[in-house]
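Presented below is the structure to which this report refers.
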Amino acid sequence: AQSVTQPDIHITVSEGASLELRCNYSYGATPYLFWYVQSPGQGLQLLLKYFSGDTLVQGIKGFEAEFKRSQSSFNLRKPSVHWSDAAEYFCAVAPLGQGGKLIFGQGTELSVKP
Amino acid sequence: NAGVTQTPKFQVLKTGQSMTLQCAQDMNHNSMYWYRQDPGMGLRLIYYSASEGTTDKGEVPNGYNVSRLNKREFSLRLESAAPSQTSVYFCASSEITARNSPLHFGNGTRLTVT
């Protein structure tokens, strides 16, 4: 069965430090992968997506993610975290043949220390 | 540009009461979705509507009904609320029901059933 795992429930980083949020997927065919961010009290906003091609994808707010088929991973990175990046981050996969439905990971809550 | 609008933002129900969550989008999208978000479980699909006039069950449809009123509006009804339905509910829309058509989310409805 298709699934998405985000191993880290909660991560705390210092402002200005680099960030990597992990995402592993279980999916047989070529995955369509997404990262969403949810600020407190808000809906989910799309950060970036990967469908095919270059395995390093750039998103909004200075985020990037790298697709590694050999590791079944799609980790999210940012070189320097800002306090406004504190939020919950969700990785998701869109399975083939199921239209626009997404399977989400459990989410990673990011806290930023001053 | 409102995007996806959900009402109400908060609701408290007693067990057995009914209510309808409203969702409207102004992006002329064809597909609409209802998800619920529970701690540690990410988002799970309740129902979706690929186009006006069609609805289909998602992963967790029990206890819910939906109506695609027109292209803009997609409502979610709880006929007899149960404490297990305490959750945050998100409506989303996409241009079409396809893997490469990203979802746009509303800000959510926080529902508590006592």
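In what follows, chains carry the letters A, B, and so on, assigned in the order in which the sequence lines appear, proteins first and then strands, with residues in each chain numbered from 1.
- With a threshold of 4.5 angstrom between heavy atoms, B/Glu95 does not approach chain A through any atom at all.
- Of all heavy-atom pairs between A/Glu66 and A/Arg77, the closest is OE1-NH1, 3.1 Å.
- Listed in order of number, the residues of residues 105-114 of chain B that approach chain A to under 4.5 Å between heavy atoms are B/Phe105, B/Gly106, B/Asn107.
- Geometric assessment of A/Lys49 against the ring of A/Phe34 yields a negative cation-pi assignment under the 6.0 Å and 45° thresholds.
- Donor-acceptor pairing under 3.5 Å is lacking for the side chains of B/Ser51 and B/Asn30.
- Ion pairing between a basic and an acidic side chain is recognised when a charged N comes within 4.0 Å of a carboxylate O; A/Arg22 and A/Asp8 show such pairing.
- In this structure, chain B has a heavy atom under 4.5 Å from the side chain of A/Glu88, while its backbone stays farther away.
- The salt bridge (Lys or Arg N to Asp or Glu O under 4.0 Å) check on B/Asp56 picks up nothing, with sequence neighbours excluded.
- Only the side chain of A/Leu46 comes within contact range of chain B, with at least one heavy atom under 4.5 Å from a heavy atom of that chain.
- Both the backbone and the side chain of B/Leu43 come within less than 4.5 Å of a heavy atom of chain A.
- Between A/Phe74 and A/Trp35 the shortest heavy-atom distance is O-NE1, 2.8 Å.
- Neither the backbone nor the side chain of A/Gln45 comes within less than 4.5 Å of any heavy atom in chain B.
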Would B/Arg77 and B/Ser18 count as a side chain to side chain donor-acceptor pair (under 3.5 Å) here? Give the steps.
CA-CA 7 Å; B/Arg77 182 160 178 84; B/Ser18 63; 3.2 Å; yes
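- When all heavy atoms are compared, the tightest approach of A/Val112 to A/His82 is CG2-O, 3.8 Å.
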